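Single-structure report; data block below.
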Amino acid sequence: MSEINRTLLTEFVLTGLTDYSWLQVPLFVVFLMIYLVTMVGNLGLMALIWKDPHLHTPMYLFLGSFAFADACTSTSVTPRMFNFLDKTAMISLAECIAQFYFFASSATTECFLLVAMAYDCYVAICNPLLYPVVMSNRLCAQLISISYAIGFLHPLIHVVLLMRFIFCRSNIIQYFYCEILQLFKITCIDPSINALMIFIFGAFIQISTLITIIISYTRVLFDILKKKSKKGRSKAFSTCSAHLLSVSLYYGTLIFMYVCPASGLAENQDKMYSLFYTIIIPLVNPFIYSLRNKEVIGALKRAAKK
């Protein structure tokens, strides 16, 4: 492959969600509204937790950190989708790799934050008397720091492996963002090593964190069932239900995307999984955690009165 061809394929075209031109403007409006609501929801939740002293507990510090990761996930993908109205809009290789890095970084961080949140729930319900001692602010800060550190470091492995790629087949990426598996389809280099690393690290991180969460909530469930008070059971279920819903949505789509990519999903179906994970989950998470949470609602009322 000549140097000319290598130079020509340093910029790419993202095709977006649909080829129908009449859908471009409605989709632009829809995703603009979704992005604005996502930012208001997640950043608003972070601001509320930071401002209200009643929410300065490990549970809400984890929730605030998770909201920030959700905001990063949405920001890494959604703004680039606004270029779909311009069919000549290009994305450079550097921008493409950067988009993948920030998306993968926030996704990895969320996996470990969900583990930390599950552990927090386990201690709160199974060992309530020891909770203030076990879940200290120092431990909380350490768990958040570790989650973000792993999130920042893990994608670097895949970024380094991407650097060996030469793109010569096409500069058309049949997707709405620079998803790494789509880059494998247009490279001249055999991507087998990259695909293997994606599977190994993806499976290890997702399955190990999911198993840890399942173990934590199994212990929590047994402890809840032992409670004699219906009020105690109801409160415990209310505490965990939002987190369990978020875990189910998050891991369900993530495993389909990266642990089972060879399952033969149709292209449109694959896009829907990615759309759900990158756009919809960050949108609904702050509402999942807030609408049924009396402490968050109370904090909102106190903030509204000021």
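As the structure is a computational prediction, the values presented were derived from the model and not from experiment.
One side chain, Tyr60 or Glu295, offers a donor N or O that lies under 3.5 Å from an acceptor on the other. A donor atom on one side chain and an acceptor atom on the other are found under 3.5 Å apart for Tyr131 and Asp120. Residues Tyr101 and Ser76 bring no donor and acceptor atom of their side chains to less than 3.5 Å of each other. A donor atom on one side chain and an acceptor atom on the other are found under 3.5 Å apart for Tyr35 and Thr75. Using modelled atom types, one finds a donor on one side chain and an acceptor on the other under 3.5 Å when comparing Thr209 with Tyr251.
Interatomic distance, Ile288 CD1 to Leu283 CG, rounded to the nearest 0.5 Å: 9.5 Å. To the nearest 0.5 angstrom, Cys126 atom SG is 8.0 Å from Ile224 atom CD1. A distance of 8.0 Å separates CD1 in Ile172 from OG1 in Thr15, rounded to the nearest 0.5 Å. To the nearest 0.5 Å, atoms CG (Leu210) and CD1 (Ile205) are separated by 13.0 Å. We find the CG-CD1 distance between Leu139 and Ile144 to be 10.0 Å, quoted to the nearest 0.5 Å.
Closest of all the heavy-atom pairs between Thr187 and Ile166 is OG1-O, 3.2 Å. Scanning both residues, Leu48 and Ala299, for their nearest heavy atoms gives CD1-O, 3.7 Å. Scanning all heavy atoms of the two residues, the minimum distance from Asn194 to Leu162 falls at ND2-N, 3.8 Å. Annotation for Ser74 and Pro79: closest pair O-CD, 3.6 Å, computed over non-hydrogen atoms. Taking both residues in full, the closest heavy atoms of Pro282 and Thr38 are given as O-CG2, 3.6 Å, listed atom of the first, atom of the second, then distance.
Aromatic rings of Phe12 and Phe167 (six-membered ring for Trp) have centroids within the 6.0 Å cut-off, being under it. You'll find the ring centres of Tyr277 and Phe103 inside the 6.0 Å limit.
The aromatic rings of His243 and Tyr289 sit tilted relative to each other, their planes meeting at an angle between 30° and 60°. Phe201 and His158 have perpendicular rings, their planes meeting at more than 60° on a 0 to 90° scale where under 30° would count as parallel.
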Stepwise side-chain contact (heavy atoms from CB on, under 4.5 Å) test for Phe100 and Glu179: CA-CA 6 Å; Phe100 160 72; Glu179 203 271 336; over 6 Å; no

Applying side-chain contact (heavy atoms from CB on, under 4.5 Å) to Ser105 and His154, what does each step give before you reach the verdict? CA-CA 7 Å; Ser105 177; His154 165 240; over 6 Å; no

One pair to check against side-chain hydrogen bond (donor to acceptor under 3.5 Å, both in side chains): Tyr148 and Ser65. What are the steps and the verdict? CA-CA 9 Å; Tyr148 274 96; Ser65 300; 5.1 Å; no

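With contacts defined as side-chain heavy-atom distances shorter than 4.5 Å, the pair Met59/Met135 does not qualify. Counting heavy atoms from C-beta on, the side chains of Phe176 and Leu14 never come closer than 4.5 Å. At least one side-chain heavy atom of Met46 sits under 4.5 Å from a side-chain heavy atom of Leu43. Inter-residue side-chain proximity for Ile34 and Thr78 is flagged as unmet; no heavy-atom pair is nearer than 4.5 Å. At a threshold of 4.5 Å between non-hydrogen side-chain atoms, the residues Leu45 and Ser290 count as touching.
Every residue meeting the ring-ring contact (aromatic ring centres under 6.0 Å, His included) condition with Phe184, not counting sequence neighbours, appears here in chain and number order: Phe165. Taking the side chain to side chain donor-acceptor pair (under 3.5 Å) definition, one finds that Gln142 meets it with nothing, sequence neighbours left out.
Heavy-atom contacts from other residues, nucleotides or ligands closer than 6.0 Å to CG of Leu196 number more than 12. Within a 6.0 Å radius of NE2 in His56, more than 12 heavy atoms belonging to other residues, nucleotides or ligands are found. The neighbour count for Phe68 CZ, taken as heavy atoms of other residues, nucleotides or ligands under 6.0 Å away, does not exceed 12.
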